[in-house]
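To start, the structure under review is shown below, and the notes come after it.
Residue numbering restarts at 1 for every chain, and letters A, B, ... go by the order of the sequence lines. Hydrogens, waters and symmetry mates are skipped; everything else that's a heavy atom, side chains included, is used.
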There are 2 protein chains.
Amino acid sequence: MSTTAPSDDIGTRLRLVRQIYGLTQRELARRAGVTNGAISLIEQNRVSPSISSLKKILDGIPLSLADFFTHNFAASDQVFFAAAELTEIAFGETVSMRMVGGNLKERALQMLQETYQPGADTGEEMLRHQGEECGIIVSGSLTITVGAQEKTLQPGDAYYFRSDIPHRFRNPGSAPCLLISASSPPSF
Amino acid sequence: MSTTAPSDDIGTRLRLVRQIYGLTQRELARRAGVTNGAISLIEQNRVSPSISSLKKILDGIPLSLADFFTHNFAASDQVFFAAAELTEIAFGETVSMRMVGGNLKERALQMLQETYQPGADTGEEMLRHQGEECGIIVSGSLTITVGAQEKTLQPGDAYYFRSDIPHRFRNPGSAPCLLISASSPPSF
DNA sequence: TCCCGGCGTTTAGAATATTCAACATTTTTG
DNA sequence: CAAAAATGTTGAATATTCTAAACGCCGGGA
């Protein structure tokens, strides 16, 4: 039991959340069934809202009280990443990955652009870790083994499995294979 | 972004937390700098407290707003396990284990063997630290106080609680007490 | 340019939360 | 058992929040 307490500055916090969701005070007030004035006062920290009011307001976003107090919204303010900003990771000569948002904290999700050179193989001893992962083949082809199942995927094909099922990726073709994958929680 | 929202019943929730921590309305009010009447009204859901009031009250426990809204306190209310309640686990013919709180989530513990001589007492000022701990009495007996709950455990009995709830161990008997305990994260 | 619409802010009054003090009940103690 | 202490609840007075309606500001068309 030790969730790091975010700022006690409820007003700034609410304003930030509201703006992240692209809402005006009036629009949020309308959805929440409160007045825009109330939201204004709260965001200026001129009043400390009642739980019932705050809940009504968050319902209009919508966002739970738990999420409101738990999440670090300031940390998720970078939405767009230029290709050059992706973090480059290499595994040997044949496998490389480019990670989205490698600098962000408290990620619940990880997205990778993966490249498998011809002959690349994550190995006989199958990978296993917590979470789930999925992906779509962009170009080339890739043979994926998940538990007892094995299939060679072509561009446009996709996969989705629980990461604790042993899995293995191989490129049997003569061209590089490019795929986009996502996993939760991040494995590194 | 989807922490499961605990009950919106703030009053019941506050009362439960307060009682888990072994505090009276008046004692909590004194620590928090509010009146006992206010806490009474909040716990009956006759008013919806302001964030500032709720924060002051939780500071008196202490507990962060994030933890208050995030954690499921009802789920961790089983503190004592009778010997017969321990989960029996067998590995083949030769290895078996008896697991404490096998139904609880997020366990990450390290075990210790502790000996309490007759009269031993961790003291009136109750211990509080991060993490969780559990243990099984091997021989002798031990009186354990956790928040508002107190029980004298006999060999085979066990305990499991969050370490930030004030706790105290005493050996009131005439024989040494031996127990196997585990804590997380390691405190030394 | 002037007007219009939307934005966040402000103010007075209605609604709600909190305090203070007393009450009824239970628990402790001699 | 009675007295005393402690607990949670309640009513009247006070303090705070919320609403409703206005304000000032800014940007985008006629």
Side-chain angles (χ1 to χ4, degrees), chain A residues 7-63 65 68-69 73-74 77, chain B residues 7-63 65 68-69 73 77 124 126 143 145-152 165-166 168 172:
Chain A
S7 164
D8 292 342
D9 183 348
I10 302 299
T12 303
R13 194 168 182 73
L14 176 60
R15 173 160 294 174
L16 179 58
V17 170
R18 174 176 63 80
Q19 291 174 339
I20 285 175
Y21 281 81
L23 299 171
T24 65
Q25 289 181 349
R26 284 180 147 89
E27 171 59 16
L28 178 53
R30 191 191 61 73
R31 295 194 196 182
V34 300
T35 59
N36 61 300
I39 294 178
S40 177
L41 294 171
I42 291 167
E43 290 188 353
Q44 298 172 80
N45 284 317
R46 294 175 51 154
V47 300
S48 177
S50 68
I51 295 291
S52 61
S53 294
L54 183 58
K55 174 155 196 331
K56 275 202 293 185
I57 293 169
L58 294 178
D59 282 346
I61 289 182
L63 190 69
L65 283 164
F68 180 77
F69 285 106
F73 294 96
D77 58 358
Chain B
S7 164
D8 292 343
D9 183 349
I10 303 299
T12 303
R13 192 169 184 76
L14 176 59
R15 174 160 293 174
L16 178 59
V17 170
R18 176 175 63 77
Q19 290 173 339
I20 285 176
Y21 281 81
L23 298 171
T24 66
Q25 288 181 350
R26 283 182 148 88
E27 172 60 16
L28 178 54
R30 190 191 61 71
R31 295 195 195 182
V34 301
T35 61
N36 61 301
I39 294 178
S40 177
L41 294 171
I42 292 167
E43 290 188 351
Q44 298 171 78
N45 284 318
R46 294 173 51 151
V47 300
S48 178
S50 66
I51 296 291
S52 61
S53 294
L54 183 59
K55 175 158 197 328
K56 276 201 293 185
I57 292 168
L58 294 179
D59 282 347
I61 288 181
L63 190 68
L65 283 164
F68 179 78
F69 284 106
F73 294 96
D77 61 357
E124 194 86 42
M126 313 263 270
T143 300
T145 309
V146 179
Q149 302 182 61
E150 177 169 299
K151 189 170 186 181
T152 298
I165 300 176
R168 178 188 191 182

Worksheet item: Does A:Asn36 reach the main-chain N or O of A:Ala29 with its side chain, forming a donor-acceptor pair under 3.5 Å?
Response: no
Discussion item. Any base atoms under 4.0 Å from A:Val47, or only sugar-phosphate, or nothing? Heavy atoms, all strands.
Written reply: sugar-phosphate
Worksheet item: Within the structure, does a side-chain N or O atom of B:Gln44 lie under 4.0 Å from either OP1 or OP2 of D:dT10?
Response: yes
Fill in: Separation of atom CG in B:Asn45 from atom P in D:dT9, rounded to whole Å
12 Å
Worksheet item: Distance check: side-chain N/O of B:Thr24 vs OP1/OP2 of D:dA6, anything under 4.0 Å?
Response: no
Worksheet item: Quick one: how far along DNA chain C does chain B reach, first to last nucleotide 5' to 3', anything under 4.0 Å to a heavy atom?
Response: C:dA17 to C:dA22
Fill in: Under the side-chain hydrogen bond (donor to acceptor under 3.5 Å, both in side chains) test, residues paired with A:Arg30 that sit two or more places apart
A:Glu27
Worksheet item: If you look at every strand shown and take non-hydrogen atoms under 4.0 Å, does A:Ser40 touch a base, only sugar-phosphate, or nothing?
Response: base
Response to the item:
Sequence neighbours excluded, the answer for side-chain hydrogen bond (donor to acceptor under 3.5 Å, both in side chains) partners of A:Thr24 is none
Item to complete: With sequence neighbours left out, write down each residue that passes side-chain hydrogen bond (donor to acceptor under 3.5 Å, both in side chains) with B:Thr12, or none if nothing qualifies.
Response: B:Asp9
Worksheet item: A:Ser52: what forms a side chain to side chain contact (heavy atoms under 4.5 Å, CB included) with it, not counting sequence neighbours?
Response: A:Ser50, B:Ser48
Worksheet item: Restricting to pairs with a member in residues 44-54 of chain B, which pass salt bridge (charged side-chain N to carboxylate O under 4.0 Å, His left out), not counting sequence neighbours?
Response: none
Discussion item. Once side-chain hydrogen bond (donor to acceptor under 3.5 Å, both in side chains) is applied, do any residues pair with B:Glu43, and if so which ones, sequence neighbours excluded?
Written reply: B:Arg15, B:Arg18, B:Gln25
Discussion item. If I take atom CD in residue B:Gln25 and atom C1' in nucleotide D:dA6, what distance separates them, rounded to the nearest angstrom?
Written reply: 12 Å
Discussion item. Using the side chain to side chain contact (heavy atoms under 4.5 Å, CB included) criterion, which residues pair with B:Val47? Sequence neighbours excluded.
Written reply: B:Leu41, B:Ile42
Discussion item. Walk along nucleotides 19-25 of chain D from 5' to 3' and tag each nucleotide B, S or - by protein heavy-atom contact under 4.0 Å, base first, then sugar-phosphate.
Written reply: BS-B---
